[in-house]
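Everything on this sheet refers to the single structure shown next.
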Amino acid sequence: MVQEEIRRNNVGTLLRHVHLGGSVSRTALSERMRLNRSTIMALIAELTRAGLVREELPQGTGRAGRPSLVVRPESGRAYVLAFDVAVDRLVAARVALGGIVLDRREAVRPRAGADLDRVVEVLAEFGRRLHGEAPPDALCVGVGASYCGMIRPGDGMVRFGPDLGWVDQAFGAELGRRLGLGLPVSVGNEAHLGALAEQQRGAGANLQNLIYLHGDVGVGGGIIVGGKLLDGDSGYGCELGHMVVNPYDGRPCGCGSHGCLEAEVGERALLDAAGRPAELFGRDAVRAVADDADRGDPAAQEALHRIGDWLGIGVANLCNLFNPGMVIFGGTLREIYPGMAAQVRARIAANALPVARERVRLRTSALGYDATLAGAAELGFSGLLADPLGVLARTAPCSARR
């Protein structure tokens, strides 16, 4: 039994390295896993027979002689369905090992209050189409979803989604039921998943300590400490957007408080500061302010200056609390951060402790708006990466499920 557990763990660990690394040599795998070459070759052979990896010659090495083989993820055998529920849009994708998006669907999500039935209806239809168009011998090994709210660990219950009024909505269970694939839906908070995706595949790849700030209507946050997501006692930690930065005359926040970080730097705060009418909102409106500032528009530049000052106060506090190696700005913050970088850095210099700020790097998301979708896909892959051969043995091919 012990030997079987060790073998299962080694098979999963090797697949994870290939899944995240994309192209890894036998030598590198041996060094990372601290296993001898013959053991590595045996593990690769198992995964190759299962159709999860392949070995091939590297491309463009430029070296004389026969180069060593590299191991790459096989994209045709196993996939997951990944869903991303943002305030303004719904995204579904079929994602292969290696994080390759094979197909995707998108729809606009109106800002119309609690809309569980419509969200589940649209995503379930997308998911069934994506599943139905997969090759007959392909295996759907998991389903992951990102939601813009506070998620109860384990069952995908949205405890609180302030932007559209979701309270105790059984999102994960309903989506799983409507998909009809016999698979549970793992659900995570969008900013938490974005932080994990950036740490695994994006701007913070392999960093042990980072903070991810995700802009949408408000601001979400994910914190990686010692390589692991900081989630709190009940799974609702890292609500960085609700850190109070302006308690006395702050803007009202959707959570019921005043002066929260997201109230001072969120979508409406920016658009109001730039003098934009109330009927303008969403990513395009935010991007327009950033573009106008680049072209020298004084009102847009002043708006970014003001919002950047509040954002800098929040980041300075986070530097003092967590001493991150990197702070990553994602979602709509990715659009506007370049125009306010000077204000953010000035606040960090003025308000963060020298030893807490001396090594921090400020970056925009490398995965863009797909960071949260990528994080959802990783939720879907978690079972396969824990026990690759066991999951395959228990999963019917798409032709059978149809």
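Numbering of residues begins at 1 and proceeds along the displayed sequence. The basis for the numbers below is simple: all heavy atoms, side chains too, and nothing from hydrogens, waters or symmetry mates.
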(message) Are the side chains of Leu193 and Leu379 in contact, using a 4.5 Å heavy-atom criterion?
(response) yes
(message) Applying side chain to side chain donor-acceptor pair (under 3.5 Å) as the test, list every pair that has at least one member in residues 309-333; sequence neighbours left out.
(response) Asp309-Arg347
(message) Give me the atom names and distance for the closest heavy-atom approach of Leu271 to Val286.
(response) CD2-N, 4.3 Å
(request) Any pair with a residue in residues 82-120 that passes ring pair (Phe, Tyr, Trp, His ring centres under 6.0 Å), sequence neighbours left out, goes on the list, sorted by first then second residue, please. (result) none
(message) Would you say that Ser30 contacts Thr27 through its side chain, given a criterion of any heavy-atom pair below 4.5 Å between the two side chains?
(response) no
(message) Rounded at 0.5 Å granularity, tell me how far OH in Tyr147 sits from CG in Asp84.
(response) 11.0 Å
(message) Is it the case that over 12 heavy atoms from other parts of the model lie below 6.0 angstrom from the CZ atom of Arg152?
(response) yes
(message) Check the orientation of Phe329 and Tyr337. Use parallel for under 30°, tilted for 30 to 60°, and perpendicular for over 60°.
(response) parallel
(message) For Phe126, give me all partners under ring pair (Phe, Tyr, Trp, His ring centres under 6.0 Å), at least two apart in sequence or on another chain.
(response) none
(request) Check the pair Leu14 / Ile44 against side chain to side chain contact (heavy atoms under 4.5 Å, CB included), numbers first and verdict last. (result) CA-CA 8 Å; Leu14 191 147; Ile44 293 171; 4.0 Å; yes
(request) Classify the ring geometry between His131 and Tyr79 as parallel (under 30°), tilted (30 to 60°) or perpendicular (over 60°). (result) tilted
(request) Decide whether Asn10 and Thr13 meet the rule of one side-chain donor and one side-chain acceptor closer than 3.5 Å. (result) no
(request) Report yes or no: is the cationic atom of Arg283 (NZ for Lys, CZ for Arg) under 6.0 Å from the centre of the six-membered ring of Tyr369, at an angle within 45° of the ring normal? (result) yes
(request) With sequence neighbours excluded, tell me which residues meet salt bridge (charged side-chain N to carboxylate O under 4.0 Å, His left out) with Glu190. (result) none
(request) Could you check if a side-chain atom of Leu392 sits within less than 4.5 angstrom of a side-chain atom of Val141, using non-hydrogen atoms only? (result) yes
(request) Identify, with sequence neighbours excluded, every residue that meets salt bridge (charged side-chain N to carboxylate O under 4.0 Å, His left out) alongside Arg111. (result) Asp88, Glu267
(message) If you define the side chain from C-beta out and look only at heavy atoms, does anything of Leu15 sit under 4.5 Å from Leu52?
(response) yes
(message) Run the side-chain hydrogen bond (donor to acceptor under 3.5 Å, both in side chains) test against Asp233 and tell me which residues pass, sequence neighbours left out.
(response) none
(request) Could you tell me whether Arg118 and Asp115 make a salt bridge, using a distance below 4.0 angstrom between a side-chain N and a carboxylate O? (result) no
(message) Among residues at least two apart in sequence or on other chains, which ones pass side-chain hydrogen bond (donor to acceptor under 3.5 Å, both in side chains) with Arg129?
(response) Glu125
(request) For Ala205 and Gln200, work out which heavy atoms get closest and say how close. (result) CB-O, 4.4 Å
(message) To check you understand the geometry: which heavy-atom pair defines the closest contact between Ser365 and Ala371, and what is its length?
(response) OG-CB, 4.2 Å
(request) Grab the two heavy atoms, one from Ala374 and one from Ala197, that are nearest each other, plus how far apart they are. (result) CB-CB, 3.9 Å
(request) Might you point out which heavy atoms bring Val95 and Ala82 nearest each other, and give the distance in Å? (result) CG2-CB, 4.2 Å
(message) Under the ring pair (Phe, Tyr, Trp, His ring centres under 6.0 Å) definition, can you give me all pairs with a residue in residues 224-272, not counting sequence neighbours?
(response) none
(request) Quick one: which residue pairs count as a ring pair (Phe, Tyr, Trp, His ring centres under 6.0 Å) with a foot in residues 4-31, not counting sequence neighbours? (result) His19-Phe381
(request) For the pair Arg89 and Asp216, find out whether any cationic side-chain nitrogen is under 4.0 Å from an anionic carboxylate oxygen. (result) no
(request) Give, for atom CD1 of Ile211 and atom SG of Cys319, the distance between the pair rounded to the nearest 0.5 Å. (result) 6.5 Å
(request) Decide yes or no for Leu389 and Glu46: does some side-chain heavy atom of the first lie under 4.5 Å from some side-chain heavy atom of the second? (result) yes
(message) As an exercise, state the distance from CZ of Arg16 to CD of Glu378, rounded to the nearest 0.5 Å.
(response) 7.5 Å
(request) Go through the structure and list residues passing salt bridge (charged side-chain N to carboxylate O under 4.0 Å, His left out) with Asp272, not counting sequence neighbours. (result) Arg251, Arg268
(request) Could you note down all residue pairs passing ring pair (Phe, Tyr, Trp, His ring centres under 6.0 Å) where residues 185-212 supplies at least one of them, sequence neighbours left out? (result) Tyr212-His214
(request) Report the residues that fulfil side-chain hydrogen bond (donor to acceptor under 3.5 Å, both in side chains) with Arg54, sequence neighbours left out, ordered by chain and then residue number. (result) Glu56
(request) For residues Leu311 and Ile336, determine if any side-chain heavy atom of one lies less than 4.5 Å from a side-chain heavy atom of the other. (result) no
(message) Assess whether a salt bridge exists between Arg7 and Glu5, defined as any Lys/Arg side-chain N lying under 4.0 Å from an Asp/Glu carboxylate O.
(response) no
(message) Show the nearest heavy-atom pair for residues Ala293 and Ala300, with the distance to one decimal.
(response) N-CB, 3.6 Å
(message) What I want to find out is whether Arg77 reaches Glu74 closely enough, with some N-O distance under 4.0 Å, to be called a salt bridge.
(response) no
(message) To the nearest 0.5 Å, what is the distance between OG on Ser146 and CG on Asp370?
(response) 11.0 Å
(message) Exactly one of Asp292, Asp297, Asp291 should register a side chain to side chain donor-acceptor pair (under 3.5 Å) with Arg295. Which one does?
(response) Asp292
(request) Measure the shortest side-chain to side-chain distance between Ser25 and Leu29 over non-hydrogen atoms and say whether it is less than 4.5 angstrom. (result) no
(message) Nearest 0.5 Å, please: how far is CG in Leu213 from OG1 in Thr364?
(response) 12.5 Å
(request) Quick one: pull up CZ in Arg394 and CG in Leu139 and give me the separation to the nearest 0.5 Å. (result) 12.5 Å
